[in-house]
Amino acid sequence: MEEQPNTPFFNLGILDSLTQDSVNQIIESYNGFCNTTQSLLSGAGDLSVGADFVSHIHGLCKFGLESLVRDHFFYVLEETFERNGASRLWRHFDPYSYVAASNKNDDLDIDEAEIQSVLYTALEEISSEKQYQEKCLLMLVHAFQSYKDQVSGERHDLGERNYLTSKYQWIVSSVLMATLPRNFPVILHWYFKRRLEELSTIMDGEFQDDTSQNKDGMDLDEKGNVGKCNKASAMDVDESYNDNKFLENNRIVKSIGKVVLGLRNLGFTSMAEDAYASAIFLLLKAKVYSVADDDFRSSVLQSIQSWIQAVPLQFLHALLVYLGDTVSYKSTSSGIKSPLASQPSSSCPGIDTPSEGLVRWKLRLEYFAYETLQDLRIDKLFEIIVDYPESSPAIEDLKLCLEYTGQHSKLVESFISALRYRLLTAGASTNDILHQYVSTIKALRTIDPAGVFLEAVGEPIRDYLRGRRDTIKCIVTMLTDGTGGNSSASGNPGDSLLEELNRDEEIQEDAGVDDDFNTDDRQAWINATRWQPDPVEADPYKGSRNQRKVDILGMIVGIIGSKDQLVHEYRTMLAEKLLNKLDYDIDSEIRTLELLKIHFGESSLQKCEIMLNDLIGSKRINTNVKATISQSSQTSGENAISMDTISATIMSSNFWPPIQDEPLNLPEPVDQLLCDYAKRFSEIKTPRKLQWKKSLGTVKLELQFEDRVMQFTVAPVHASIIMQFQDQISWTSKNLAAAIGIPVDVLIRRINFWISKGIIAESPGADPCDHVYTILENLAETSKNGGSSGNTQELLGGDEEEERSVASVEDQLRKEMNVYEKFILGMLTNFGSMALDRIHNTLKMFCITDPTYDKSLQQLQSFLSGLVSEEKLELRDGMYILKR
Amino acid sequence: MKWGEKVLTCDFQLMVLVWAPHFLPIHFQLNHKMFILFVKYRWHAVSSWTWDAQDETCGICRMAFDGCCPDCKLPGDDCPLIWGQCNHAFHLHCILKWVNSQTSQAHCPMCRREWQFKG
C-alpha cells in the first residue's frame with residue numbers, strides 16, 4: 001500500500017478499519033485522480049475533466065488523504081511546468097546564446113525591437129502557462145473546500161489557498177532559476193540599457209529645455225539623438241513635440257514596466273531590479289564621464305545632480321508608479337533625505353511627494369555619481385593640481401565628493417603614486433617640483449583644512465627635495481623674487497610664494513590674537529565650541545590639529561630643515577643681488593625683508609637688515625661725498641665732474657657673507673677717483689676709512705668707435721681690460737695681465753668676453769704661450785671675425801659660476817669644514833674605517849671647544865664626499881677609509 | 001638718476017689718441033690711420049668701511065670694532081668708537097657703561113690709566 005505512509009497522523013488504527021471495499025474505493029479514486037490531474041495539467045486549456053477531478057479528490061479526502069492529493073498534484077505541476085513552461089521560455093533565447101560569452105558592457109549586435117518582441121512573447125507565453133496552472137491550482141483548492149463544506153460546513157479558509165499559491169510561486173521561480181540559461185541576464189541587462197539610453201536622450205532634451213545649461217556633453221547617445229532629432233524636426237509645433245516626447249516617454253516606461261512586471265511574476269524581482277539598476281548606473285557613469293572629462297575649470301557637480309533628478313529619477317518614478325509600488329511616505333521621506341538636497345520636497349521636480357523607494361534610489365544614485373566623479377578626479381589629480389588656481393572648481397567638486405564618500409585614503413595613495421611616477425624624477429627641475437608642491441599644499445588645504453592628508457602627501461616630496469642640492473636656492477629665489485628670476489616654464493612660482501608671504505602676514509596677526517592669553521572667556525567658549533576632532537586618518541604621533549595648522553611657508557621651510565639654513569642662503573643671494581646693483585634702488589628688497597622678518601623673526605634676519613641699511617647709508621654718503629668734493633675742489637673742475645661717474649656701495653663687511661675679492665689694477669683715472677672718494681669719506685666719517693674691493697661692482701660702459709657705439713654692463717675686470725686698449729691698440733697677454741694685475745689664465749678667461757663680442761681679436765704672438773690681443777677697428781672687421789655685435793648689450797660680464805662675487809654657501813661650508821679635516825683624517829688613521837654616523841658623533845663629542853662642531857649630518861656627508869673626490873678618502877660599503 | 005643724461009652732460013671723456021707705429025699691425029702702418037677708442041663709463045664700486053683703530057676687537061665686549069656692541073643692532077654711526085687719552089679704543093656704549101659703573105674715577109680697562117676721553 002503505497003499511500004499508507006502518507007496518512008496524516010500515521011494512525012495505524014485506521015488501517016484496521018479499512019475494509020476491502022474501501023481499499024478498492026481508494027485505489028480507484030487515486031487512479032482516477034492521477035489520470036485527471038495528468039490530463040488537466042497537460043491538456044491545453046481543457047477543463048472538461050474538472051468535474052471528475054473534483055469527485056476523485058472528494059473520494060480521496062474521505063479517507064483523509066488530502067496531503068497525498070496535494071503532494072502528487074504539485075509533483076505533476078512542477079514536472080509539467082518544467083517541461084512546458086520553462087524549457088519553452090528559454091528556447092526563445094537560444095538564438096542569442098553567443099551573447100553569454102561576450103562582455104556585459106559591450107554593445108550587442110541585436111535589433112532592439114526584435115529582442116523586445118522576443119521578451120514580450122516569451123513572457124506572455126510563460127505567464128499564460130502560469131495562469132492556466134494557477135487555474136488548475138484553484139480547482140484543487142476549490143475541491144478541497146467544497147469537500148470541507150460538505151463535511152463540516154466550515155467557512156472558506158484563505159490560509160489554505162494562500163499557502164498553496166505561494167508554494168506554487170516558489171516552485172515556479174525555483175524551476176526557472178534552476179534552468180536559467182547564462183545569456184538571459186545579459187540580454188536583460190542589454191535590453192534595459194538600450195531602453196534607458198533611448199529614454200535619457202528624450203529626457204535630456206527636456207532637461208536641456210528646462211535648465212538650458214551645460215549644453216555640451218548631453219548627447220550621450222549620438223545615434224539615438226540623431227533619430228530623435230529627425231523626428232523632432234518633423235514636428236512643427238513645439239507643443240505637439242513636447243506631447244509626443246511625453247508619450248514616447250510613457251511608452252518606453254510602460255514597455256520597461258511590462259518586462260519588469262512579467263519578470264516579477266516569475267519571481268525574478270531582484271534580477272530585474274539588478275538589470276535596470278546596473279543599466280542606470282552605467283548611464284550615470286557615462287554621463288559623469290562625459291560631463292566631467294578633463295575640464296577642470298568648471299564645477300560639474302551641480303549639473304550632474306540636476307541631471308540625476310531630471311533623468312534617472314524621473315524614470316524611476318514613472319516605473320515605480322507603473323509597477324504600483326508607490327506608497328506615499330509623506331512623513332518618512334523627510335527622515336531619509338539626501339545630505340545634499342537642501343529641500344527634499346522640491347528635490348524631485350514634478351514629483352510631489354517622493355516615495356521612500358524613490359528617496360532610496362536618489363541616495364544610491366547620488367552616492368554612485370559622487371564616487372564616480374571622485375575616482376575620475378583623483379585619477380587626474382596631478383593634472384588638476386598642475387593648473388591649480390584655474391582648476392579650483394574641480395577641487396571644490398572633489399572636496400564635496402570626498403565629504404560624501406569619505407574615501408580620502410584613496411586620494412592619498414593614488415596621488416602619491418602619481419607624484420612618484422611623474423614629478424619626483426631626475427628630469428623634473430627643482431623649481432617645477434617646488435611649484436607643484438606649493439600648488440598641492442594650496443589645493444589640499446581646500447579639501448582638508450586640517451592638513452592630515454597633506455602631511456601624508458607632502459612627505460615623499462619633502463624627502464625627495466631634501467636630496468637635491470639646489471633646493472634651498474630655489475626656495476629662496478621663489479620667496480624673494482617676485483618676478484620669478486629663474487626662468488621656469490610653468491608660470492612664475494615666485495609670485496605665488498611672495499604672495500604667500502603677504503597673506504601670511506595676516507595669518508600671523510590673527511594667530512597673535514589667538515595666542516593671546518588675555519582672550520576673554522567668551523572667546524574661549526567660542527573657540528571651544530568650534531573644536532572638531534581630528535579626522536580618523538590623522539596620525540596621532542604628529543601632534544594635534546592646532547599645531548598642524550597648514551602653513552605653506554612652514555612646510556617649505558620644513559623641507560630645508562631649519563630656518564637658519566634658509567636665512568643663510570637668503571643672505572648670500574641678497575648680497576649677490578645688492579652688490580650687482582648700479583643704483584641704490586632696494587625698495588623691493590626692503591619689502592621682502594620686512595615680510596621675511598615677520599615670518600622668521602627679526603633677530604635671525606638682523607644681518608640682512610644691516611646689509612640693506614648699508615645700501616641706504618651708501619646712497620647718503622655718496623651724495624655727501626660728491627657734494628663736498630665739488631664744493632672744496634673748485635680749482636680742479638675736471639675732477640669734480642669725473643666724480644659723478646663714480647658711485648660706491650659701502651658695506652659693513654662683518655655682516656656680509658664672505659666676499660671673494662681678487663686683486664685688480666683699475667684704470668688710472670678710476671683709481672684716482674676712488675682714492676679721492678676714499679679720502680673724502682674718511683674726512684666725513686673720521687675715524688673710519690674705506691677699503692675698496694676692486695674686483696667687485698658693476699660698470700656701465702659705452703664704447704665709441706669710429707663707426708659705432710656699443711653699450712655694456714660688465715664687471716670691473718672686463719672694464720679694466722677694455723680700457724687698457726685706449727692707450728694701446730695691441731697687447732700681448734703677459735703685458736696686459738701685468739698691467740691689470742691679474743694672473744694670465746684669469747685674463748685669458750675674462751678677455752673671452754670681449755672676443756666673443758667681436759671687439760678684440762686674438763692672434764698668436766711670437767712666443768707660443770703669449771697671445772696678442774688687438775682691438776678691432778670697425779664693424780667690417782668685426783663681422784669678419786664672426787663676433788656678434790649689438791648696439792645695446794645688457795650683459796653682466798659674468799655668467800659663469802666662478803664669477804660670483806659672493807662665495808657660495810657650499811664654499812663657505814667647505815671653508816668652515818676644513819678645520820675638521822685633520823680631525824677626521826686623524827680619526828680614520830686611528831680607527832681604520834668609520835661610518836658616517838660615527839664620524840659625526842665623534843666630532844660632536846670631541847670638538848666642543850672653539851670651533852664647536854655644529855654641522856648637520858648632510859653637511860658632513862657632502863664635505864666627506866668632497867674629500868673622497870679629492871682622493872684623500874675612500875668610501876667603501878658606507879665606510880670611510882683613508883686612501884693610501 | 002638716469003645714466004644716459006648724466007653722461008651726456010658731463011663730457012669728461014678720456015679721449016686717447018694713439019700713435020705708436022712700432023706696435024701696430026702692418027695694415028695700420030700702411031694706412032697711416034689714427035685709431036680712436038672712446039670709453040665712457042659709469043663705475044659703481046664696492047668697498048667696505050673699517051674703523052681706523054689699531055685693534056680688531058673691543059676690549060670690553062670682545063666684539064669686533066667693525067661690528068657693534070652687544071646692545072646695538074646697527075654698526076657704524078649708530079655704535080661709534082671712542083678713544084681715550086691712552087689711545088685705547090672701545091665701543092662708545094661699552095666704555096660709557098664701564099665709566100658709569102665705576103664709583104670713583106674710572107680707569108681704562110686695558111692699561112689702568114685714568115680714563116679721559118680723547119678730545
Show which side-chain atoms of residues 88-99 of chain B pair as donor or acceptor with protein atoms under 3.5 Å away, not counting sequence neighbours.
from, atom 1, to, atom 2, distance (Å)
B:His91, NE2, B:Ala64, O, 3.4
B:Lys97, NZ, B:Asp71, OD2, 2.8
B:Trp98, NE1, B:His107, O, 2.7

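Here A:Asp614 does not pair with A:Lys619 in a salt bridge; the nearest charged N to carboxylate O distance is not below 4.0 Å.
Of the listed residues A:Asn613, A:Leu674, A:Val772, A:Ile722, the one with more heavy-atom pairs under 4.5 angstrom with chain B than any other is A:Asn613.
With a 4.5 Å cut-off on non-hydrogen atoms, A:Lys685 touches chain B through its side chain but not through its backbone. Using a 4.5 Å cut-off between heavy atoms, A:Tyr677 makes no contact with chain B at all. Both the backbone and the side chain of A:Gln691 have a heavy atom closer than 4.5 Å to some heavy atom of chain B.
Applying the side chain to side chain donor-acceptor pair (under 3.5 Å) rule to A:Tyr773 yields no partners; only residues at least two apart in sequence or on another chain are considered.
B:Trp43 and A:Ser647 are not linked by any side-chain donor-acceptor pair at a separation below 3.5 angstrom, with hydrogens and angles left out of the test.
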